[in-house]
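Here's the structure we're looking at; comments come further down.
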Amino acid sequence: MEATIQSRFTNQKLYKVPTVRCSATTGKAASVFFPNGLGSNRADWQSMCAIINSNSAGLIPYNSSSSSSGDNTKAPMINGHDTSATLDIVPVPKLPRPLSISDLSPAPMHGSELRVAYQGVPGAYSEAAAGKAYPKCDAIPCDQFEVAFQAVELWIADRAVLPVENSLGGSIHRNYDLLLRHRLHIVGEVQLPVHHCLLALPGVRKECLTRVMSHPQALAQCEHTLTSLGLNVAREAFDDTAGAAEYVATNGLRDTAAIASSRAAELYGLEVLADGIQDDSGNVTRFVMLAREPVVPRTDRPFKTSIVFAHNGEGTSVLFKVLAAFAFRDISLTKIESRPHRSQPIRLVDDADAGTAKHFEYMFYIDFQASLAEPRAQNALAEVQEYTSFLRVLGSYPMDMTPWSSSSSSTSASSSGSSS
Ligand SMILES: O=C(O)C(=O)C[C@]1(C(=O)O)C=C[C@@H](O)C=C1
């Protein structure tokens, strides 16, 4: 079966492309031939959109007979999954390319004073968190958490905004480990209600799906809802939610859906098959803001302080003593996390500035509700220092007090479009 792509501006027929349609009876995608296999990366996708827009001959020119010659029964496969052309290709706006370890070249500024690094591509929840933390900032995508740290250290960005915990999936351990390895300071936090959508190419129905891709946290946050929607299909992890949406779009995957935000659907030309698919309507992710310099702690508004400590002596009572140091001063803890740390030594510096490498079994991370400007917090930390071999304050920063309600931020799963 073939169809035409028409110019959006002149209605002139530009190319003919074979289409794929899901069989009404089996729900399986029919095999089709696509003349120029769609590219598998952002550059290919953008240049393809440019080709379509500029009427160049990237696809088979209309009236050409070449599509009917040769083996035209096979769709190109991406990792074993069917791809096909889509008639609903929506050219994506020119999106910034994520920074990577091998390419940390500064992104152009868009007139904003503050550049904020986040992990993922445009449409990721981390981008939304950066916008919530710093409205009107220049959000800079990075392909890994590590790169976001480096971007701030190398003055390519002024801040990084990174997820540390989700109300359903728990801690994002990688960022706890990176907080320890890098020298940045936590200067704030934002809580972001996370409202997931099931996205697919236009015209694709739920019955056609053999795979759902997303960030592992997002897959975990939607596990039960996917099952209740009858989607007992393969799950595939991706670096970030919006990246999964982009991958489905750029590769024309009609048997794969992505879990991502509605903004990702708009950016990558996907349709929302189901809305609010997170297992808990109160799904929230906590992000921290990082900077090269700490904020000056204050007492005129609620502050939180984050610390990390370790102890390499004998005995199990250290943790008990540390917790008591806060309890006796009526300081509430909002988080305690332990991370195994045997393989990486920490360099400890003594009063004579002599460094020694020490191995610790575990690192303990604690967040408590007090400002470092408060004497009770300073006294608690002085006591903690006595019991431990290593103590570092990761930051003392204003708490995110924004009220949000689960009913306004997300709703229970509902299906829309052609998914029924
Ligand atoms: O993939 C994204 O969109 C992200 O911003 C990452 C991330 C995470 O790491 O937890 C952020 C919020 C959601 O919990 C799901 C994924």
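Each ligand, and each atom within it, is numbered from 1 in the order the structure gives.
One option in G123, S261, S126 has a heavy atom closer to atom 5 (O) of ligand 1 than any other, and that option is S126.
Of the heavy atoms in Q221, only side-chain atoms (C-beta onward) come closer than 4.0 Å to ligand 1. Counting heavy atoms closer than 4.0 Å to ligand 1, residue T285 contributes side-chain atoms (C-beta onward) but none from N, CA, C or O. Counting heavy atoms closer than 4.0 Å to ligand 1, residue P163 contributes side-chain atoms (C-beta onward) but none from N, CA, C or O. Counting heavy atoms under 4.0 Å from ligand 1, residue N166 touches it through the side chain alone. The residue D239 has no part lying near ligand 1, judged by heavy-atom distances below 4.0 Å.
When hydrogens are left out, the protein atom nearest atom 2 (C) of ligand 1 is T241 OG1, 3.3 Å; that is the closest non-hydrogen contact. If you check which protein heavy atom lies closest to atom 11 (C) of ligand 1, you get F287 CZ, 3.9 Å. The closest protein non-hydrogen atom to atom 8 (C) of ligand 1 is H215 CE1, 3.7 Å.
The two atoms that bring L381 and L391 nearest to each other are O-CD2, 3.9 Å, heavy atoms only. Between Y125 and A260, the shortest heavy-atom contact is OH-C, 3.3 Å. In terms of heavy atoms, F309 sits closest to I366 at CE2-CD1, 3.7 Å.
In summary, of the residues considered (K132, R286, R301, K304), a salt bridge (charged side-chain N to carboxylate O under 4.0 Å, His left out) with D400 occurs for K132 alone. If you run side-chain contact (heavy atoms from CB on, under 4.5 Å) between L184 and each of R159, R292, E293, only R292 comes through.
Between H196 and ligand 1, a contact under 3.5 Å exists for no N or O pair.
Distances below 4.0 Å separate heavy atoms of Q217 from the following atoms of ligand 1: 10 (O). Taking every non-hydrogen atom of D240 and a distance limit under 4.0 Å, the qualifying atoms of ligand 1 come out as 1 (O), 2 (C).
The 12-atom threshold is not exceeded at NE2 of H224, counting heavy atoms of other residues, nucleotides or ligands nearer than 6.0 Å. Counting heavy atoms of neighbouring residues, nucleotides and ligands inside a 6.0 Å radius, atom CZ of R392 exceeds 12 of them.
One side chain, H182 or E146, offers a donor N or O that lies under 3.5 Å from an acceptor on the other.
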